[in-house]
Amino acid sequence: MSLKHFLNTQDWSRPDLDALLAQAARFKRDKLGGELKGRSIALVFFNPSMRTRTSFELGAFQLGGHAIVLQPGKDAWPIEFDLGTVMDGDTEEHIAEVARVLARYVDLIGVRAFPKFKDWGYDRQDHVLKAFAKYSTVPVINMETITHPCQELAHALALQEHFGTADLRGKKYVLTWTYHPRPLNTAVANSALTIATRLGLDVTLLCPTPEYVLDERYIGWAKDNVAESGGSFQVSHDIASAYAGADVVYAKSWGALPYFGDWEPEKPIRDRYKHFIVDEAKMALTNNGVFSHCLPLRRNVKATDAVMDSPNCIAIDEAENRLHVQKAVMAALVR
Ligand code: CP
């Protein structure tokens with residue numbers, strides 16, 4: 001049997017995802033356990049983090065395990081990923097050695113590797129994560145690359161808690177693009193689309209223009225998922241109709257893929273859509289809808305203070321849930 005990783009929720013069956021969420025809810029009620037006793041996880045960060053690092057380190061500790069953080073190029077050697085390269089540049093060792101050596105030490109490897117933001121055709125292949133999964137002989141966990149599956153589970157658990165049911169079918173869900181001064185990763189947007197359609201919600205992807213529609217892979221997953229789950233999926237560029245009657249508003253900013261790597265022409269376009277900010281007027285159109293965001297969030301750029309401080313904002317609950325769902329993922333993978 002091939003080694004089981006947690007690279008994308010789409011690779012996991014619905015019963016297995018449901019089991020992870022149920023286990024996460026149990027860990028939330030009863031936070032200490034021995035599931036990782038004597039076990040360890042290497043957390044490899046190529047990019048900054050607050051929530052992911054804290055929750056993984058703490059989660060391993062609370063289950064009796066140990067986490068080791070490595071930042072290649074900072075406190076660990078820079079890693080080469082291309083095969084057949086003459087390594088006479090800045091990289092000191094190859095992923096073929098890094099992943100196999102780490103796997104001799106630890107029981108799990110977590111990887112955070114954002115896109116390089118130069119060539120989407122290259123970045124969409126998720127080279128770094130796939131290389132770890134290829135060479136590692138222990139399970140690999142995606143801590144955010146071009147998707148963010150741990151965030152998906154935390155988001156799903158927060159919605160289940162808010163609505164008081166694991167069955168979210170029939171809820172109207174809006175994934176809205178928001179302005180940010182820089183073009184950001186599409187990972188959380190790809191992931192939100194993936195999990196919301198997987199759970200059978202009626203999903204609207206709201207973005208300023210067709211250029212902001214997500215990569216066809218994730219649009220394809222969304223369509224496949226609703227065919228299976230009984231939900232629905234549509235793209236909209238109209239704020240009022242997208243928000244009307246929504247039960248859930250999830251916000252994220254991302255760069256328009258046609259401008260990937262050549263961002264200057266995108267800037268005047270994104271600057272025209274600052275009004276996509278999530279504010280009280282838009283939330284008033286919803287069905288007393290709940291608001292969330294993966295964080296970090298720039299207040300009064302992506303969402304107003306009033307929205308963030310509203311009782312309908314569950315972003316802090318979602319962030320807390322990162323701890324519980326990741327414990328469930330680690331426990332499931334070390335069995
Ligand atoms: N949401 C999230 O992954 O947060 P960090 O970037 O702080 O880890």
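Everything numeric in this text was worked out from a predicted model, so none of it was measured. Each ligand, and each atom within it, is numbered from 1 in the order the structure gives.
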| task | Give the C-alpha distance, both sets of side-chain angles, the deciding distance and a yes or no for ring pair (Phe, Tyr, Trp, His ring centres under 6.0 Å) between H155 and Y173. | result | CA-CA 12 Å; H155 182 45; Y173 182 101; 5.7 Å; yes
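- Atoms of ligand 1 lying under 4.0 Å from any heavy atom of C294, numbered from 1 in the order shown and given with element: 1 (N).
- Centroid-to-centroid, the aromatic rings of H180 and F276 stay 6.0 Å apart or farther.
- Looking from atom 7 (O) of ligand 1 to the surrounding protein, the closest heavy atom is M50 N, 2.7 Å.
- Under 4.0 angstrom from ligand 1, the non-hydrogen atoms of R112 all belong to its side chain.
- Ring centers of F260 and F117: under 6.0 Å apart, within the cut-off.
- A salt bridge does not link K171 with D202: every distance from a Lys NZ or Arg NE/NH1/NH2 to an Asp or Glu carboxylate oxygen is 4.0 Å or more.
- Taking a 4.0 Å cut-off on heavy atoms, R322 registers as neighbouring ligand 1.
- Ranking protein heavy atoms by distance to atom 4 (O) of ligand 1, first place goes to R51 NE, 2.9 Å.
- Of all the heavy atoms of H148, the ones lying under 4.0 Å from any atom of ligand 1 belong exclusively to the side chain.
- Contact atoms of ligand 1 toward Q151: 1 (N), 2 (C), 3 (O) (distance under 4.0 Å to a heavy atom of the residue).
- Aromatic ring centroids of Y212 and W254 lie 6.0 Å or more apart.
- Every N/O-N/O distance between P48 and ligand 1 stays at or above 3.5 Å.
- Here's the thing with L295: one of its N/O atoms is less than 3.5 angstrom from an N/O atom of ligand 1.
- Annotation: cation-pi geometry satisfied between K4 and W12 (NZ/CZ under 6.0 angstrom from ring centroid, within 45° of ring axis).
- Residues Y273 and H275 bring their aromatic ring centres within 6.0 Å.
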